[in-house]
Colleague: 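Submitted below is the structure of interest, expressed as structure tokens.
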Amino acid sequence: MNNLQAIRGVAFDLDGTLVDSAPGLTAAVDQALYALELPVAGEDRVITWIGNGADVLMERALTWARQERAIQRAAQGKPGVDHADIPQEEQLRVLRKLFNRFYEETVEEGSFLFPDVAGTLRALHAEGMPLALVTNKPTAFVAPLLEALDIAKYFSVIVGGDDVQNKKPHPEPLLLVAGKLSLTPDALLFVGDSRNDILAARAAGCPSVGLTYGYNYGESITLSEPDFVFDHFKDLLPVLGLSHSENQELKND
């Protein structure tokens, strides 16, 4: 199958697909950890935690940080657990609030469009293709980020992590998009970078594209068996039937 001529709408993941958000997320995670006197993680580690929303991100961060601090304390001849600590559940609640506060400051300056994203979205939009965004990112951060990156204008439907009861990999967000666009799921292409994206598409009955340059917990997207695997975002255009002349403008992006 060389094209997707039956596709009548395209939905995209955000982090790791359209946007390199790792710098901003890492800054917020590390500032939150530091505020609780916990070890900071760094971008290479935080990248492997991205994809399931902020709650899970901070659960992973706290689990790692507590383990890392226990190792550090043991190396200093101290007990692994500091009994002065607040309970882990309360620590997680505080950490999550701190993350929100710091991410408000870092989300825009620490997020960048991947190559060819703006031009490809522009070309698809110009062809009249309905476009949607489906992300597990907290909803409050989504619209301001899209506006800051000047791509909000391309999306007719935006579904954030707080807009549904069940986040990806559950099919609910994609089925919601299909309903809002008056499409059957098999006419909605979902483009993402992680196994959660591919699993959500499969569960919803949507064809999928997996991008190799995203985060995906450090594993190859091919392991999730998307219908298409692309190395470059602009590779979407030929399979959606756009001619060379229509995507020539990408060379200027």
Colleague: Closer than 3.5 angstrom, by distance alone: can the side chain of Asn100 be matched with the main-chain N or O of Lys97 as a donor-acceptor pair?
Modeller: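 Not confirmed, Asn100 side chain does not pair with Lys97 backbone.
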Colleague: Give a yes or no on whether the backbone of Leu131 and the side-chain of Ser156 come within a donor-acceptor separation of less than 3.5 Å.
Modeller: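 Judged by distance alone, yes, a pair lies under 3.5 Å.
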Colleague: So if you build clusters from Ile, Leu, Val, Met, Phe, Trp, Tyr with side-chain heavy-atom gaps below 4.5 Å, do Leu149 and Leu18 land together?
Modeller: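 Per the 4.5 Å side-chain linkage, Leu149 and Leu18 are co-clustered.
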Colleague: What's the verdict on side chain to side chain contact (heavy atoms under 4.5 Å, CB included) for Leu92 and Glu89, showing C-alpha distance, side-chain angles and the deciding distance?
Modeller: CA-CA 5 Å; Leu92 179 59; Glu89 183 176 334; 5.8 Å; no
Colleague: Using the rule that Ile, Leu, Val, Met, Phe, Trp and Tyr join whenever any side-chain heavy atoms are under 4.5 Å apart, tell me whether Leu175 and Val10 fall into a single cluster.
Modeller: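 Result: no, two separate clusters.
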Colleague: Which heavy atom of Val19 sits nearest a heavy atom of Ser111, and at what distance?
Modeller: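 Distance-wise, the nearest heavy atoms are CG1-CB, 3.7 Å.
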Colleague: With no hydrogens and no angle check, is any side-chain donor or acceptor of His170 less than 3.5 Å from a backbone partner on Glu172?
Modeller: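 Yes.
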Colleague: Can you list the steps and then say if Leu189 with Val191 is a side chain to side chain contact (heavy atoms under 4.5 Å, CB included)?
Modeller: CA-CA 7 Å; Leu189 178 67; Val191 181; 4.2 Å; yes
Colleague: Given side chain to side chain contact (heavy atoms under 4.5 Å, CB included), test Asp150 with Leu113 step by step and report yes or no.
Modeller: CA-CA 10 Å; Asp150 197 29; Leu113 291 177; over 6 Å; no
Colleague: CD/Glu43 to CD1/Ile50 distance, rounded to the nearest 0.5 angstrom?
Modeller: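 It comes to 8.0 Å.
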Colleague: Are side-chain heavy atoms of Phe230 and Val239 found at a separation under 4.5 Å?
Modeller: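 Result yes, sub-4.5 Å side-chain heavy-atom pair found.
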Colleague: Parallel, tilted or perpendicular: which one describes the rings of Tyr103 and Phe141, with boundaries at 30° and 60°?
Modeller: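 If you compare the ring of Tyr103 with that of Phe141, the planes turn out perpendicular.
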Colleague: Measure the CD-CD distance between Glu105 and Gln31 for me, rounded to the nearest 0.5 Å.
Modeller: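 Answer for the CD-CD pair, Glu105 versus Gln31, is 6.5 Å.
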Colleague: Can you tell if the side chain of Leu236 reaches within under 4.5 Å of the side chain of Phe12, non-hydrogen atoms only?
Modeller: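 They are in contact (side-chain heavy atoms under 4.5 Å apart), so the answer is yes.
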Colleague: Working to the nearest 0.5 Å, report the span between OG1 of Thr120 and OH of Tyr154.
Modeller: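 If I round to the nearest 0.5 Å, the distance is 10.0 Å.
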Colleague: Does Val117 share a hydrophobic cluster with Val229, counting links as ILVMFWY side-chain heavy atoms below 4.5 Å and allowing steps through other members?
Modeller: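 No, separate clusters.
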Colleague: Under 4.5 Å between any side-chain heavy atoms of Pro39 and Gln72, yes or no?
Modeller: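 Of all side-chain heavy-atom pairs linking Gln72 with Pro39, at least one is under 4.5 Å.
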Colleague: Taking Tyr215 for its side chain and Val46 for its backbone only, find out whether a donor-acceptor pair lies under 3.5 Å.
Modeller: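 Checking the backbone N and O of Val46 against the side chain of Tyr215, no donor-acceptor pair under 3.5 Å is found.
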Colleague: For Asp231, which residues count as a side-chain contact (heavy atoms from CB on, under 4.5 Å) partner, sequence neighbours excluded?
Modeller: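 If we apply the side-chain contact (heavy atoms from CB on, under 4.5 Å) test to Asp231, skipping adjacent residues, the hits are Thr212.
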Colleague: If you compare all heavy atoms of Pro207 against all heavy atoms of Pro185, which two are closest, and at what distance to 0.1 Å?
Modeller: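 Closest approach of Pro207 to Pro185: CD-O, 3.9 Å.
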Colleague: Does Asp30 use its side chain to pair, donor to acceptor, with the backbone of Ala27 at less than 3.5 Å?
Modeller: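 No; zero donor-acceptor contacts below 3.5 Å.
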Colleague: Is the count of non-hydrogen atoms from other residues, nucleotides or ligands lying under 6.0 Å from Glu225 atom CD greater than 12?
Modeller: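 12 or below, so no.
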Colleague: Quick one: does Thr135's side chain have a donor or acceptor within less than 3.5 Å of a partner on Lys137's backbone?
Modeller: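 At least one qualifying donor-acceptor pair exists.
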Colleague: So, Ser194 and Asn216: side-chain donor and acceptor under 3.5 Å apart, yes or no?
Modeller: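 No pair is found: no donor N or O on one side chain lies under 3.5 Å from an acceptor on the other.
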Colleague: Quick one about Arg66 and Gln91 (side-chain donor to acceptor, distance below 3.5 Å, no hydrogens or angles considered), yes or no?
Modeller: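 Per modelled atom types, Gln91 and Arg66 side chains form a pair under 3.5 Å.
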Colleague: Would you say Leu95 and Leu33 make side-chain contact, with heavy atoms under 4.5 Å?
Modeller: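 When only atoms from C-beta onward are counted, Leu33 and Leu95 do touch, with a gap below 4.5 Å.
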Colleague: Take a 6.0 Å sphere around CD of Gln76 and say whether it holds more than 12 heavy atoms from other residues, nucleotides or ligands.
Modeller: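 More than 12 heavy atoms, drawn from other residues, nucleotides or ligands, come within 6.0 Å of this atom.
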Colleague: Below 3.5 Å, can you tabulate the donor-acceptor pairs from side chains in residues 54-64 to any protein atom, sequence neighbours excluded?
Modeller:
residue, atom, partner, partner atom, Å
Asp55, OD1, Arg96, NE, 2.6
Arg60, NH1, Trp49, O, 2.9
Arg60, NH1, Asn52, OD1, 3.0
Arg60, NH2, Asn52, OD1, 3.0
Thr63, OG1, Glu59, O, 2.9

Colleague: How long is the straight-line distance from CG of Asn136 back to CG of Asn196, given to the nearest 0.5 Å?
Modeller: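 If I round to the nearest 0.5 Å, the distance is 6.5 Å.
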Colleague: Which atom names give the shortest non-hydrogen contact between Leu133 and Asp13, and what distance separates them?
Modeller: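 Nearest heavy atoms, Leu133 then Asp13: CD1-O, 3.9 Å.
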Colleague: Please name the pair of heavy atoms, one in Lys167 and one in Gly161, separated by the smallest distance, quoted to 0.1 Å.
Modeller: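 Minimum heavy-atom contact is CE-O, 3.4 Å.
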Colleague: I want to check something: taking the side chain as every heavy atom from C-beta on, are Asp15 and Leu25 in contact at a cut-off of under 4.5 Å?
Modeller: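 They are in contact (side-chain heavy atoms under 4.5 Å apart), so the answer is yes.
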Colleague: Taking the side chain as every heavy atom from C-beta outward, state whether Phe233 and Leu211 have any pair of such atoms under 4.5 Å apart.
Modeller: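 Phe233 vs Leu211: side chains touch.
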Colleague: Does a sphere of radius 6.0 Å around CD in Gln165 hold more than 12 heavy atoms from other residues, nucleotides or ligands, not counting ones at 6.0 Å or beyond?
Modeller: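 Counting other residues, nucleotides and ligands, CD of Gln165 stays at 12 neighbours or fewer.
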Colleague: What's the shortest heavy-atom distance between Met129 and Gly9, and which atoms?
Modeller: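 Of all heavy-atom pairs spanning Met129 and Gly9, the closest is SD-N, 3.5 Å.
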Colleague: What are the two closest non-hydrogen atoms of Tyr213 and Gly16, and how far apart are they?
Modeller: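 In this case the closest contact between Tyr213 and Gly16 is CE1-O, 3.5 Å.
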Colleague: What's the separation between atom CG in Leu121 and atom CD1 in Ile151, rounded to the nearest 0.5 Å?
Modeller: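 Reported value, rounded in 0.5 Å steps: 6.0 Å.
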Colleague: If you draw a 6.0 Å radius around CG in Asp44, do more than 12 non-hydrogen atoms from other residues or ligands fall strictly inside?
Modeller: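 Atom CG in Asp44 is not crowded, with 12 or fewer foreign heavy atoms closer than 6.0 Å.
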Colleague: Is there a path of hydrophobic side-chain contacts, each under 4.5 Å between heavy atoms of I/L/V/M/F/W/Y residues, joining Ile221 to Phe228?
Modeller: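 No.
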Colleague: Find out if a path of hydrophobic residues (ILVMFWY) with successive side-chain heavy-atom gaps under 4.5 Å connects Phe102 to Leu36.
Modeller: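 Same cluster: Phe102 reaches Leu36 through Ile, Leu, Val, Met, Phe, Trp or Tyr contacts under 4.5 Å.
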Colleague: Can you tell me how far apart CG (Asp193) and OG (Ser224) are? Round to the nearest 0.5 Å.
Modeller: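 Taking CG in Asp193 and OG in Ser224, the distance rounds to 10.0 Å.
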Colleague: So, Asp186 and Thr184: side-chain donor and acceptor under 3.5 Å apart, yes or no?
Modeller: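 Side chains of Asp186 and Thr184: pair found under 3.5 Å.
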Colleague: Taking the side chain as every heavy atom from C-beta outward, state whether Leu242 and Leu124 have any pair of such atoms under 4.5 Å apart.
Modeller: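 Counting from C-beta outward, Leu242 and Leu124 do come under 4.5 Å.
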Colleague: So do the side chains of Ile47 and Tyr217 get within less than 4.5 Å of each other, counting heavy atoms only?
Modeller: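 Sidechains of Tyr217 and Ile47: no contact.
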Colleague: Checking Ser208 side chain against Ile198 main chain: does a donor-acceptor pair fall under 3.5 Å?
Modeller: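 No, because the side chain of Ser208 does not come within donor-acceptor range (under 3.5 Å) of the backbone of Ile198.
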Colleague: Taking the hydrophobic residues Ile, Leu, Val, Met, Phe, Trp and Tyr, and joining any pair whose side-chain heavy atoms are under 4.5 Å apart, which ones share a cluster with Val157?
Modeller: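 Val157 shares its hydrophobic cluster with Val134, Val159, Val164, Leu174, Leu176, Val177, Leu181, Leu183, Leu188, Phe190.
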